[in-house]
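What follows is a single structure, written as structure tokens, with notes after it.
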Amino acid sequence: MGLFFNSNTKSELEIKLIKESSLLVGKTLAEVARVIKPGVTTKHLDEVAEEFILKNGAKPSFKGYNGFPATLCVSVNDAVVHGIPNDYVIKDGDIVSVDCGVVKNGYHGDYAYTFAIGNVKSEYLDLIAKTKESLYKGIEMAIDGNYIGDIGYAIQSYVEKHGYSVVRELVGHGIGRSLHEKPEVPNYGTPQKGPRLKEGMVICIEPMINYGRRNVIFENDGWTVRTADRKPSAHFEHQVVVRKDKAEIISTYEYIEQEIERKING
Ligand code: MG
Ligand code: MG
């Protein structure tokens with residue numbers, strides 16, 4: 001339906017406002033990075049994030065979205081995405097995906113990072129690394145004139161080459177005044193298929209990559225998505241503006257990774 005797709009481009013003023021929200025997500029995730037460790041509950045991470053967002057004059061995007069009860073999605077090990085923060089105590093060796101959204105001045109920021117807690121098995125560290133790398137492979141394709149399928153193909157071919165699998169049931173998305181806008185951005189696809197990318201489109205690219213098979217189950221809590229084979233899954237998300245020659249990444253992991261470095265180096 002490429003012919004009828006409204007390309008949903010944003011003005012530079014709107015992009016400036018989205019960047020502001022995105023920056024706050026980065027700083028909120030850095031607060032999470034600061035406190036995440038074995039012995040802490042996922043609910044504690046949520047409280048830290050919510051307080052930080054409110055203190056900064058914004059609101060959590062996820063809380064109340066279709067009834068979601070929390071500020072963060074915290075998805076541990078075999079949880080793929082949409083985990084509800086609760087009394088689970090984070091353990092050494094866990095991999096924890098944290099997804100955060102904020103709305104400020106009417107525009108949303110939304111992105112995610114997967115944390116390795118303490119001594120994580122090397123094969124799961126590799127899953128995390130390849131998932132993150134696949135995100136950048138996808139971002140490279142987010143240029144004017146390309147297609148949505150080019151992004152998905154880049155992600156899928158990269159992770160499958162390394163023996164991992166792509167979750168199909170959930171996808172990336174456009175973002176702006178709404179948390180989820182058109183177009184959908186699957187993490188699999190065929191080159192030169194799907195909607196055409198146009199300069200000024202703002203999209204969230206968010207590979208959800210499984211260590212084992214791609215199949216997932218939806219839990220009874222109405223939210224948590226888990227791998228069917230109970231093997232771990234990783235998730236990274238960036239917000240990107242489609243540009244003429246090179247995609248512009250408007251989210252940043254800088255603050256998160258500074259906190260991680262600080263903890264490692266004492
Ligand atoms: Mg998203
Ligand atoms: Mg997200």
Side-chain angles (χ1 to χ4, degrees), residues 8 10 15 18-33 36 42 45-46 49-50 52-53 58-76 79-85 95-104 107-115 128 131-132 134-136 138-139 142 148 151-152 155 166-189 201-209 216 223-225 233-242 247 249-253 255-256:
N8 192 14
K10 302 294 191 287
I15 291 169
I18 297 170
K19 277 181 186 172
E20 229 181 279
S21 298
S22 190
L23 180 63
L24 181 54
V25 171
K27 292 187 168 174
T28 306
L29 288 172
E31 289 296 300
V32 171
I36 195 169
T42 57
L45 305 180
D46 195 68
E50 181 171 14
F52 187 79
I53 291 165
K59 283 187 177 160
S61 301
F62 300 169
K63 200 167 189 174
Y65 183 85
N66 293 334
F68 188 77
T71 292
L72 301 176
C73 295
V74 184
S75 308
V76 182
V80 178
V81 286
H82 301 169
I84 300 172
I95 72 171
V96 184
S97 153
V98 181
D99 196 346
C100 178
V102 311
V103 57
K104 191 176 179 180
Y107 287 87
H108 291 266
D110 166 24
Y111 62 100
Y113 195 88
T114 297
F115 296 90
I128 293 173
T131 302
K132 192 179 181 192
S134 78
L135 170 55
Y136 292 99
I139 290 171
I148 283 289
I151 296 174
I155 294 168
V166 175
V167 173
R168 310 291 175 97
E169 287 81 354
L170 300 131
V171 296
H173 51 93
I175 189 164
R177 284 201 162 274
S178 300
L179 178 61
H180 294 137
E181 298 184 357
K182 287 194 169 183
E184 291 194 343
V185 185
N187 300 300
Y188 58 93
M201 288 171 69
V202 182
I203 54 174
C204 291
I205 304 177
E206 50 179 314
M208 289 152 258
I209 306 302
V216 295
W223 287 101
T224 311
V225 181
S233 184
H235 175 220
F236 283 88
E237 176 175 18
H238 263 315
Q239 279 182 277
V240 171
V241 184
V242 175
I249 305 174
I250 61 174
S251 45
T252 176
Y253 292 152
Y255 303 102
I256 302 168

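Atoms within a ligand are numbered from 1 in the order they appear, just like the ligands themselves.
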- Around the Mg ion (ligand 2), how many protein N, O or S atoms are there at under 2.8 Å? 4
- Taken to the nearest 0.5 Å, the spacing of Asp99 CG from Met208 CE works out to 8.5 Å
- Partner residues of Ser251 under the side-chain hydrogen bond (donor to acceptor under 3.5 Å, both in side chains) criterion, sequence neighbours left out: His238
- Query: How many angstroms lie between OG in Ser97 and OH in Tyr113, if you round to the nearest 0.5 Å?
  - Reply: 11.5 Å
- Item | Pro60, Ser61, Pro85 screened by side-chain contact (heavy atoms from CB on, under 4.5 Å) with Thr71, the one that passes | Pro60
- Check: His235 main-chain N/O paired with Thr131 side-chain donor or acceptor under 3.5 Å: no
- Message: So, taking the atom named CZ in Phe236 and the one named CG in Leu135, what distance separates them when rounded to the nearest 0.5 Å?
- Response: 8.5 Å
